[in-house]
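Quick note on labels: first sequence line is chain A, next is B, and so on, each numbered from 1.
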Amino acid sequence: MAHEMRLLETGVHDAYFNMGLDEAILESVSRGRELPTLRLYGWNPKAISLGYFQGARQELDLDACARLGVNVVRRITGGGAVLHDKEVTYSLSLPETHPLARSSIIESYEIICSALVRGMGFLGIDTEFTPINDILWRGKKVSGNAQTRKHGCILQHGTILLHVDVEEMFCLLLVPKEKATGKLIADVKQRVGSLSEALDREVGFEETVKALIRGFTEALNLKLIPGKPSEEELARARSLAKEKFSTEAWIFKR
Amino acid sequence: MILHCQGKPEGCKLLRIEVELEGEQTNRIVRSINIKGDFFAIPEERFDALESSLSNLPLEGFAAFFDARAREQGLQMAGIHGEGIVAVIRSGLYGA
């Protein structure tokens, strides 16, 4: 029997609200107030999210971020810094007791990422999951994923790159400028890809969302029920955005 | 001395470490340590607590202590382990 899961397509929001809503959904799912939830969303303005254990000052050129209007936010999940611009982001919240949940982090990544691999397959892109948390197309990373567990729930969120601008990444990440040219940029271009590069055409947000929904439905045997965040979740997300995710105390926690 | 070092040892993500060390080559003591990086440790807040407890420990034996304490705390980790942390510190001390 298919697993019932709420589907939220929440559109494009700023970094602080986006991270607040992921946490608010995790909380409401953990309390049993909402079904396990798949959320698909985007970012505006563009932003860099840091992994929980990263240092903002060690990873980012904060002056460049401010100058270019790039928000900086710390995630509640580990992993590396991600530039969120032309991409589709997903989050999946489900109880640790759910049949799709696994106690092992790596196994959980593998299961959830299988849905992304299936979804990208529907676009005609042959990708593979590579532990710990990446999905590769011809050896290039096209999706990074991060996971945490709180209140008896798993939250995994991740990004599927529609287009990547390596030069911009190097403007924003704290790489010595003399190194951020030539060979290093060429090397990163060999290791980071996008759906647009894979298909040699611009791949849009909506078509990717559709493919991912199909991928999740089939790979995880889901019955997705379209819905909206509850008023309580939205209020909690706004509160978390204001009181946590946008604060210096949180952003510079490490 | 305060040592800033970073590295990506076998089985680890990039680890950026700030460590306060005392003592001589054969008897170094870790007074305090701050570990940043793109690793995973769940629950994250327990890693914060673990890190705070890593003080006044001999560098010799630090790796085993870190791994044991992480297990006691019920931490699930990926991309970080005690040997990796010590390898980064040693490479900072003596070169790669």
J.: Which atoms of Ile76(A) come close to chain B, meaning under 4.5 Å heavy atom to heavy atom: side chain ones, backbone ones, both, or neither?
T.: backbone

J.: Do Ile80(B) and Phe53(A) have side chains that get closer than 4.5 Å, going by heavy atoms?
T.: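 Answer no - side chains too far apart.
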
J.: If you count heavy-atom pairs under 4.5 Å with chain A, which of Lys36(B), Glu51(B), Gln6(B) comes out on top?
T.: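 Top count of heavy-atom pairs under 4.5 Å with chain A: Lys36(B).
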
J.: Scan for side-chain hydrogen bond (donor to acceptor under 3.5 Å, both in side chains) pairs involving residues 37-50 of chain B, sequence neighbours excluded, and state none if there are none.
T.: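 Residue pairs passing side-chain hydrogen bond (donor to acceptor under 3.5 Å, both in side chains), neighbours aside: Tyr52(A)-Asp48(B), Thr148(A)-Glu44(B), Lys150(A)-Glu44(B), Lys150(A)-Glu45(B), Lys253(A)-Asp48(B), Arg254(A)-Asp48(B).
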
J.: Could you grab the distance from atom CZ of Arg16(B) to atom CD of Glu59(A), nearest 0.5 Å is fine?
T.: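 One gets 4.0 Å once the value is rounded to the nearest 0.5 Å.
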
J.: Looking at Ser104(A), Gly79(A), Gly78(A), which one has more heavy-atom pairs under 4.5 Å with chain B than the rest?
T.: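 Looking at each option in turn, the highest pair count goes to Gly79(A).
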
J.: Strictly distance-based, threshold 3.5 Å: is any side-chain N or O of Gln54(A) a donor or acceptor partner for the main-chain N or O of Phe39(B)?
T.: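 Not at all, since once roles are kept as given, no pair shorter than 3.5 Å links the two residues.
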
J.: At a heavy-atom separation under 4.5 Å, does Ile132(A) approach chain B through its side chain, its backbone, both, or neither?
T.: side chain

J.: Mind checking whether Lys13(B) and Asn133(A) have side chains closer than 4.5 Å, heavy atoms only?
T.: yes

J.: Checking heavy atoms, do the side chain of Ala81(A), its backbone, both or neither come under 4.5 Å from chain B?
T.: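 For Ala81(A), there is no contact with chain B at all, as no heavy atom is under 4.5 Å.
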
J.: Would you say CD of Glu72(B) has more than 12 non-hydrogen atoms from neighbouring residues, nucleotides or ligands within 6.0 angstrom?
T.: yes

J.: Rounded to the nearest 0.5 Å, how far does CD of Gln58(A) lie from CG of Asn34(B)?
T.: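 If I round to the nearest 0.5 Å, the distance is 8.0 Å.
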
J.: Would you mind writing out the side-chain donor-acceptor pairs for residues 244-252 of chain A within the sub-3.5 Å range, not counting sequence neighbours?
T.:
from	atom 1	to	atom 2	distance (Å)
Lys244(A)	NZ	Glu23(A)	OE1	2.8
Lys244(A)	NZ	Glu23(A)	OE2	3.2
Ser246(A)	OG	Ala241(A)	O	2.7
Ser246(A)	OG	Lys242(A)	O	3.4
Thr247(A)	OG1	Lys244(A)	O	2.7
Thr247(A)	OG1	Trp250(A)	N	3.3
Trp250(A)	NE1	Arg74(A)	O	2.8

J.: More than 12 foreign heavy atoms under 6.0 Å from CD of Gln73(B): is that the case here?
T.: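 Check passes, neighbour count above 12.
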
J.: Under 4.5 Å heavy-atom distance to chain A, tell me which part of Ile35(B) shows up: side chain, backbone, both or neither.
T.: backbone

